[in-house]
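Here's the structure we're looking at; comments come further down.
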Number of protein chains: 2
Amino acid sequence: MTTEETARTGAEPQAEQEHDVFAQLCPSREMFAELADKWSLLILMSLSACGPQRFSELQRGVGGVSRKMLTQSLRNLERSGLVLRTVFPETPPRVVYDLRPLGRELAELVAPLGHWTERRARQMLAAREEFDAAHPEGSR
Amino acid sequence: MTTEETARTGAEPQAEQEHDVFAQLCPSREMFAELADKWSLLILMSLSACGPQRFSELQRGVGGVSRKMLTQSLRNLERSGLVLRTVFPETPPRVVYDLRPLGRELAELVAPLGHWTERRARQMLAAREEFDAAHPEGSR
DNA sequence: CAGCATCCTGTCCGATACTG
DNA sequence: CAGTATCGGACAGGATGCTG
């Protein structure tokens with residue numbers, strides 16, 4: 001029996017506060033909800049694929065991200081111990097972001113997800129067209 | 001050179017429309033943005049871990065999801081060919097959701113992400129407290 | 001350059017009521 | 001049971017201007 005099944009079936013009454021992403025109020029769910037978003041995952045993937053990067057490099061790397069969301073997401077990742085922020089006291093200032101061991105672990109799980117999406121995008125788009133054709137609109 | 005590096009450096013001028021999740025307007029980015037959300041990932045994980053499930057089972061399984069978001073996310077997954085929706089014409093009606101091969105592929109990449117989060121949640125929470133302690137509030 | 005503060009718009013998403 | 005429809009508040013997130 002897997003972890004989630006144990007937790008979800010409640011088969012372990014004395015379970016000493018197991019972490020369960022499926023449980024609404026579990027801390028791990030909170031963490032999952034924060035990581036499972038577009039920008040955070042793309043940032044992790046970018047740092048993993050291209051190594052340490054400056055703020056502006058990241059913004060160019062992750063297409064379409066605004067300074068605001070980039071700052072916000074980076075701050076979250078830094079706060080959770082996934083990303084290291086290093087300031088070089090120069091003028092103009094230079095700030096470099098890099099993965100910490102925890103973040104590198106996660107990034108290595110996330111990268112395959114990105115590659116999979118790139119490989120299967122065409123197939124999913126085809127499925128969509130087929131679906132949309134079969135469900136003109138106001139059906140169901 | 002990896003796919004994303006090729007695409008992002010523009011080193012392949014004649015690149016025949018490679019898919020790149022980092023590119024804002026690439027179809028694969030659109031797909032990625034749709035999949036990379038809390039509810040979709042949790043649904044995939046639930047279907048992967050517990051097998052085919054009815055609507056209400058899924059709602060109980062994925063803690064905190066509303067009928068609306070569950071319907072919406074399931075519809076997206078179905079539309080993209082990841083999930084199969086089967087209606088049994090009974091009374092009361094019974095609808096079962098299951099992974100299609102495409103969805104099963106993805107789910108197997110997503111599951112480790114969930115498990116990792118459960119394993120590392122405590123560590124990330126600790127990092128947060130430390131961060132918050134070091135940055136009382138209006139610093140920086 | 002690397003942000004923060006502000007404003008503003010779109011959308012997310014829950015609550016509620018209704019249908020087959 | 002498994003949805004759909006509608007409303008409304010909260011918040012995500014882009015644009016802009018300013019600072020160290």
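Below, chain A is the first sequence line, B the second, and so on; all start at residue 1. Because the structure is a prediction, the values reported are computed rather than measured.
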Any R85(A) side-chain N or O less than 4.0 Å from OP1/OP2 of dA2(C) | no
Any ion pair linking R60(A) and E57(A) (charged N to carboxylate O, less than 4.0 Å)?
-> no
Quick one: list whatever passes salt bridge (charged side-chain N to carboxylate O under 4.0 Å, His left out) with E30(B), sequence neighbours left out.
-> R128(A)
Using salt bridge (charged side-chain N to carboxylate O under 4.0 Å, His left out) as the criterion, list what pairs up with E105(B), not counting sequence neighbours.
-> R120(A)
Do the side-chain N or O atoms of S56(A) get closer than 4.0 angstrom to the phosphate oxygens (OP1, OP2) of dA2(C)?
-> yes
Euclidean distance, atom NE2 of residue H135(B) to atom C1' of dC4(C) [Å, nearest integer] = 16 Å
Pair listing, salt bridge (Lys or Arg N to Asp or Glu O under 4.0 Å) test, anchored in residues 36-55 of chain B, at least two apart = none
Given dC1(C), is OP1 or OP2 found less than 4.0 Å from the side-chain N or O atoms of R54(A)?
-> no
Separation of dA2(C) atom C1' from R75(A) atom CZ, nearest Å, is 10 Å
Rounded to whole Å, the CG-P distance (N76(B) to dC12(C)) equals 10 Å
Those residues at least two apart in sequence (or on a different chain) that pass salt bridge (charged side-chain N to carboxylate O under 4.0 Å, His left out) with R104(A) are D98(A)
Send over the distance from R94(B) CZ to dG3(D) C1', rounded to a whole Å.
-> 16 Å
Is any side-chain heavy atom of L82(A) less than 4.5 Å from a side-chain heavy atom of R100(A)?
-> no
Write down the distance between CD (E90(B)) and P (dA2(D)), rounded to a whole number of angstrom.
-> 10 Å
To the nearest angstrom, the CG-P distance between L42(A) and dG13(D) comes to 12 Å
Among the nucleotides dG14(D), dC13(C), dA2(C), whichever has the atom closest to the side chain of M69(B) is dC13(C)
Would you please confirm or rule out a distance under 4.0 Å between OP1 or OP2 of dG3(C) and any side-chain N or O of Y97(A)?
-> yes
Provide a list of protein-nucleic acid N or O atom pairs under 3.5 angstrom, restricted to nucleotides 15-20 of chain D.
| unit_1 | atom_1 | unit_2 | atom_2 | d |
| --- | --- | --- | --- | --- |
| dG17(D) | O6 | R67(A) | NH2 | 3.2 |

Nearest-angstrom distance from the residue atom CZ of F88(A) to P of dG3(C) | 13 Å
Provide the full list of side chain to side chain donor-acceptor pair (under 3.5 Å) pairs with a residue in residues 86-95 of chain A, sequence neighbours left out, each pair given once.
-> E90(A)-R94(A)
Rounded to the nearest angstrom, tell me the gap between atom CG in L58(A) and atom P in dA2(C).
-> 9 Å
